[in-house]
Amino acid sequence: MIDKRKKSIEESLDGLLKDGVTLLIGGFGDSGAPFELMQGVLTAGFRDLTIVSNNAGTGDRGIAALLEAGLVKKVICSYPRSSGAYVIERMYKEGAVELEVVPQGTLVERIRCGGAGLGGFYTPTGIGTPMAEGKEVKIIKGREYILEEALFGDIALIKAAVADRWGNLLYTKASRNFGPVMATSASRTIVQVCKTVELGCLNPEAIVTPGIFVDQIVEVRADNEF
Amino acid sequence: MIDKRKKSIEESLDGLLKDGVTLLIGGFGDSGAPFELMQGVLTAGFRDLTIVSNNAGTGDRGIAALLEAGLVKKVICSYPRSSGAYVIERMYKEGAVELEVVPQGTLVERIRCGGAGLGGFYTPTGIGTPMAEGKEVKIIKGREYILEEALFGDIALIKAAVADRWGNLLYTKASRNFGPVMATSASRTIVQVCKTVELGCLNPEAIVTPGIFVDQIVEVRADNEF
Amino acid sequence: MSSNKKKREIKGLTRNQIAWRAAQDVTDGSYVNLGIGMPTLIADYVNPEKEIIYHSENGLLGMGPAPSSQNEDPDLINAGKLYVTLKAGGAYFDTSTSFCMMRGGHLTSVFMGAFQVSESGYLANWSTDDGILIPSVGGSMDLAIGTKDVRILMNHVTNEGKARIVRECTYPLTAKSVVSRIYTDLAIIDVTERGLMVCEIVDGLDFDELQGLTDATLSLANNWSILKIPEI
Amino acid sequence: MSSNKKKREIKGLTRNQIAWRAAQDVTDGSYVNLGIGMPTLIADYVNPEKEIIYHSENGLLGMGPAPSSQNEDPDLINAGKLYVTLKAGGAYFDTSTSFCMMRGGHLTSVFMGAFQVSESGYLANWSTDDGILIPSVGGSMDLAIGTKDVRILMNHVTNEGKARIVRECTYPLTAKSVVSRIYTDLAIIDVTERGLMVCEIVDGLDFDELQGLTDATLSLANNWSILKIPEI
């Protein structure tokens, strides 16, 4: 029987983390960010992490907490600047963390490429800008494009609203953001959900992430109610 | 006010067709194939069409009818062979139509690329096969990939189950197939639907094709009931 | 406003007035993305008889106005992380689909802020490259390169009085040759094949004075007019 | 069966028996794609205590068996365009997502038919390049290149008695170095770094006879056994 449900955050992460792994972390700001899973990563304490996420944390929790604890070697994101992003701002200025800033559409497409088994793609985004530096430029049908390569993670940590034991997922409103793509592009995908339901309860037409992309589910009763 | 609904197949196609256009036509076999829209194309009678679709028609209707009427210059598809595909088989052997056979995953990804504003992508599919002939091969992280370019259509013709006046779409079961991707990758996307509903009736979490990708909707009361 | 510091007292537009003027150009039935900051104000001034579908890069189409404080939902925010609502007909989708809309040319118009616009319509609006702000690009490059109609809202000069409309951008570029119209506190300027054409100027400012506040070369459109805005 | 035409009467497996044998190797909890033809029969022989999630390239996960004739739905078909059902927990998705699963390595195993397999695990199963069949590739190349575990079901020789397991494929390739195991009417053969290893042979056929029906060089695995199949 297929049952991807785990009893706790600890169990869901058990044996997967080690020094130097690349984590894909869902969320746009706080919306869709898997805070409880990130807390589990903090507790585990492995170092030299590479974090791929849209933002780089605000306040003292989530990615900011991982940074502050000195566990992060590199952040690949599109928008580290935010109200309250003082940890990444300080560590960036101190040179205490590597930062790779990627246009958001390129970031999500690179992750999608990894999950789709593709090697890379040509995007017009960034032509003539610092984003093109050191990258191959090709003219296709008269237009300039930059080659961007696939980005694949060791572990994806995402948040969803509802799951069944096969790992089929629904999300809430705009918290969906990077979740469906990140789920496809890591060796292991771990999902914290607000609720689990019996197999067959989810409408097969409305499932957003089919369970094939999900390895482990852990229920975290959050402030979001369904 | 935005109202993408048209009163008839003729009205939905009016002024868009001309000789030499490229049509993206949804469907996997008969499932999801927009037969009434194709009948409209047949009636309009424009020639030298390029047709992009997964299959190349069976029996005497749909793509087979367009072929038989001599309207088609070229077919780009993944699987023309099928029980009852005698029109394409005969015309292919006679050299009466150009045929470009593309792996199905490459076909859908080329169309997606067009809709996503990308120039092309590197796929491992087809390496070492006739599909790689004449194409750039690149090694990325030690693996060989073929460059495939975006495929964009003048008109996409697809079939969906339900639409609202903004063009938001739901599909039925496996008839979804190429519809959501083709909708994104044509100058005009025309959708035949079984039913239209009031704005707000569709669950915003479950909409499969957001209306931004759809230009015109025409209701065709088909055998599919909801 | 910076224009207040000039020798003569020219009444430049306020942020809300610039947004009001831009709102007059939003076309009925269009798909529009409003950037963070001043552009977000545009929605408040669009004629409610127009049906506009607002896009937010984090995965919304059909975005509506801010909710009442009791109805704020942390999972219903816009790209600026402000609480919003969803109109009937709206849809949620993932980031990949959202950027397919943006980079794929599916939006009608985007209204963004900028640090600089060049006379060829080059846009610099993501980094001042001064080591003060942490570099953050977000969706701005995809929006700029992908959208057919890119409109910029900004003050005509910086707080220090330096021109923002320049011969060549000195800040890191966002995209080349993308801007179609610039709305400033002093004028409306179209980027055309014949260069920058001034369409409207605020009352009391003459063309030569405007040129004096502009690094790039301006031309006055034949059908130029006074930029008239209601008190807001 | 072609083997019946040999000098001695060797009882090769039927199509259903080959499928039965392959079904024994389907692992509990796996995501499996079954190709058109003989591989489709596998699902009938998998131990029902195993929970298998079947994928169909046209946009289904959790595919179930054929429906009763009253419940046939033209929009619920598999890649072979046969009527199927969807199990509880199943999902529908578009072709793009379906090929992300396939090419992205998300499936556990695929079972396909073939014209030829080479000793390096090269696969030819989409075109005989003889001008008789119209070339049609469908999803076969994406499945073969993307899936970690590619297993082939085919008769050991052609109807004309020619070897299908060859030193080098003469038919157009589907993919290079992808096949892990071959199930024929005569034997089960693993493609390994040390070449083709025969794991099981039907009763009454000896290794040299099997090699005689094979163009590629075979080796006998240390732990080889008689290929035993129930009457079906």
Side-chain angles (χ1 to χ4, degrees), chain B residues 26-32 54-56 58 77-83 85 88-93 99-109 111-112 115 123-132 144 159 161 171-184 208-209 223-224, chain D residues 36 56-61 63 73-86 90-105 120 122-124 126-127 129 131-146 169 171-178:
Chain B
F28 185 94
D30 289 354
S31 174
N54 188 57
N55 307 101
T58 56
C77 70
S78 93
Y79 205 83
R81 192 193 309 155
S82 289
S83 161
I88 183 70
E89 290 185 0
R90 174 173 50 75
M91 292 182 72
Y92 170 70
K93 281 174 198 167
L99 178 65
E100 180 180 343
V101 173
V102 180
Q104 193 177 162
T106 299
L107 182 64
V108 74
E109 193 66 20
I111 300 168
R112 180 183 176 278
T123 181
T125 304
I127 282 288
T129 81
M131 297 298 168
E144 283 182 300
K159 180 181 172 181
Y171 301 81
T172 310
K173 299 175 181 170
S175 74
R176 189 184 302 190
N177 56 68
F178 279 81
V181 169
M182 285 185 170
T184 69
V208 176
T209 294
D223 38 305
N224 297 308
Chain D
I36 298 175
S56 185
E57 72 191 34
N58 53 318
L60 306 171
L61 261 185
M63 193 165 54
D73 180 339
D75 289 327
L76 188 37
I77 58 174
N78 67 12
K81 289 156 190 142
L82 303 174
Y83 296 115
V84 294
T85 49
L86 195 79
Y92 301 109
F93 37 83
D94 74 348
T95 308
S96 167
T97 305
S98 187
F99 280 78
C100 173
M101 295 176 190
M102 292 157 69
R103 198 182 38 229
S120 308
Y122 285 33
L123 173 63
W126 71 281
S127 169
D129 203 23
I132 296 168
L133 287 176
I134 188 166
S136 290
V137 64
S140 57
M141 288 189 183
D142 299 285
L143 268 174
I145 199 81
C169 296
Y171 289 145
L173 283 186
T174 303
K176 298 197 292 185
S177 308
V178 292

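Lettering follows sequence order; numbering is per chain, from 1. Below, each value reflects all heavy atoms present in this structure, side chains not excepted, and no hydrogens, waters or symmetry copies. The shown structure was predicted, so the numbers you read here are calculated from the model rather than taken from an experiment.
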**Student:** Name the member of D/S98, D/A79, D/G59, D/A91 that forms the most heavy-atom pairs with chain B at distances under 4.5 Å.
**Tutor:**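 Most pairs with chain B among the choices: D/A79.
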
**Student:** Does any backbone or side-chain atom of B/I111 lie under 4.5 Å from a heavy atom of chain D? Answer side chain, backbone, both or neither.
**Tutor:**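 When you check distances to chain D, no heavy atom of B/I111 falls under 4.5 Å.
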
**Student:** Looking only at heavy atoms, which two atoms of B/G32 and D/D75 are closest? And how far apart?
**Tutor:**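 Here B/G32 and D/D75 meet closest at N-OD1, 3.9 Å.
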
**Student:** Just to verify, what does D/T95 make a side-chain hydrogen bond (donor to acceptor under 3.5 Å, both in side chains) with, not counting sequence neighbours?
**Tutor:**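 Partners of D/T95 under the side-chain hydrogen bond (donor to acceptor under 3.5 Å, both in side chains) test: none.
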
**Student:** Please report the shortest heavy-atom distance between B/P80 and B/I88, naming the atom on each side.
**Tutor:**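 So the two residues come closest at O-CG2, 3.8 Å.
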
**Student:** Of the non-hydrogen atoms in D/D142 and B/Q104, which two are nearest, and what is the gap between them?
**Tutor:**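 Looking at all heavy atoms of both residues, the closest pair is OD2-N, 3.7 Å.
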
**Student:** Only pairs at least two apart or in different chains count here, so list each side chain to side chain donor-acceptor pair (under 3.5 Å) that has a residue in residues 175-184 of chain B.
**Tutor:**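 Pairs touching residues 175-184 of chain B that pass the test: none.
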
**Student:** Evaluate B/Y171 against B/K159 for side chain to side chain contact (heavy atoms under 4.5 Å, CB included), listing each step before the verdict.
**Tutor:** CA-CA 8 Å; B/Y171 301 81; B/K159 180 181 172 181; over 6 Å; no

**Student:** Can you say whether D/M102 sits under 4.5 Å from chain B via the side chain, the backbone, both, or neither, judging by heavy atoms?
**Tutor:**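 It is neither, since no heavy atom gets under 4.5 Å.
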
**Student:** For residues 171-178 of chain D, give me every residue with a non-hydrogen atom less than 4.5 Å from any non-hydrogen atom of chain B.
**Tutor:**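 Result: D/P172, D/L173, D/T174, D/A175, D/K176.
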
**Student:** Measure distances from B/V208 to the heavy atoms of chain D and classify the residue's part below 4.5 Å as side chain, backbone, both or neither.
**Tutor:**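 When you check distances to chain D, no heavy atom of B/V208 falls under 4.5 Å.
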
**Student:** Ignoring hydrogens, what is the shortest heavy-atom contact between D/P74 and B/S31? Give both atom names and the distance.
**Tutor:**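 That would be O-CB, 3.5 Å.
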
**Student:** With only heavy atoms counted, which part of B/S83 is less than 4.5 Å from chain D, the side chain, the backbone, both or neither?
**Tutor:**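 B/S83 has no heavy atom closer than 4.5 Å to chain D.
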
**Student:** Which bit of D/I134 comes within less than 4.5 Å of chain B, counting heavy atoms only: side chain, backbone, both or neither?
**Tutor:**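 For D/I134, heavy atoms of backbone and side chain both lie under 4.5 Å from chain B.
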
**Student:** What's the shortest heavy-atom distance between B/T58 and B/S82, and which atoms?
**Tutor:**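 What the structure gives for the nearest pair is CG2-CB, 3.7 Å.
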
**Student:** Which bit of B/E100 comes within less than 4.5 Å of chain D, counting heavy atoms only: side chain, backbone, both or neither?
**Tutor:**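 B/E100 has no heavy atom closer than 4.5 Å to chain D.
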
**Student:** Please identify, among D/S96, D/G139, D/A144, the residue contributing the most non-hydrogen atom pairs under 4.5 Å to chain B.
**Tutor:**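 The answer is D/S96.
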
**Student:** Listed by chain and number, what are the side-chain hydrogen bond (donor to acceptor under 3.5 Å, both in side chains) partners of B/T106, not counting sequence neighbours?
**Tutor:**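 None.
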
**Student:** Is the closest side-chain donor-acceptor distance between D/S127 and D/D129 under 3.5 Å?
**Tutor:**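 The criterion, which ignores hydrogens and geometry beyond distance, is not satisfied for D/D129 and D/S127.
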
**Student:** Would you mind checking which part of B/N54 comes under 4.5 Å of any heavy atom in chain D, side chain (CB onward), backbone (N, CA, C, O), both or neither?
**Tutor:**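 For B/N54, no heavy atom lies under 4.5 Å from chain D.
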
**Student:** Side-chain contact, heavy-atom cut-off 4.5 Å: B/E144 with B/P124?
**Tutor:**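 Heavy-atom side-chain distance check fails, nothing below 4.5 Å.
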
**Student:** Relative to chain D, which segment of B/E109 carries a heavy atom at a distance below 4.5 Å: side chain, backbone, both, or neither?
**Tutor:**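 Contact with chain D involves the side chain of B/E109 alone.
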
**Student:** Pick one of side chain, backbone, both or neither for B/Y92, based on which atoms fall under 4.5 Å of a heavy atom in chain D.
**Tutor:**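 Contact with chain D involves the side chain of B/Y92 alone.
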
**Student:** Using non-hydrogen atoms only, which part of B/R112 is less than 4.5 Å away from chain D: side chain, backbone, both, or neither?
**Tutor:**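 Looking at B/R112, just its side chain touches chain D.
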
**Student:** Test side chain to side chain contact (heavy atoms under 4.5 Å, CB included) on D/M63 and D/L61; report intermediate values, then the result.
**Tutor:** CA-CA 6 Å; D/M63 193 165 54; D/L61 261 185; over 6 Å; no

**Student:** Heavy-atom distances under 4.5 Å only: say whether D/F99 touches chain B with side chain, backbone, both or neither.
**Tutor:**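 The side chain, not the backbone.
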
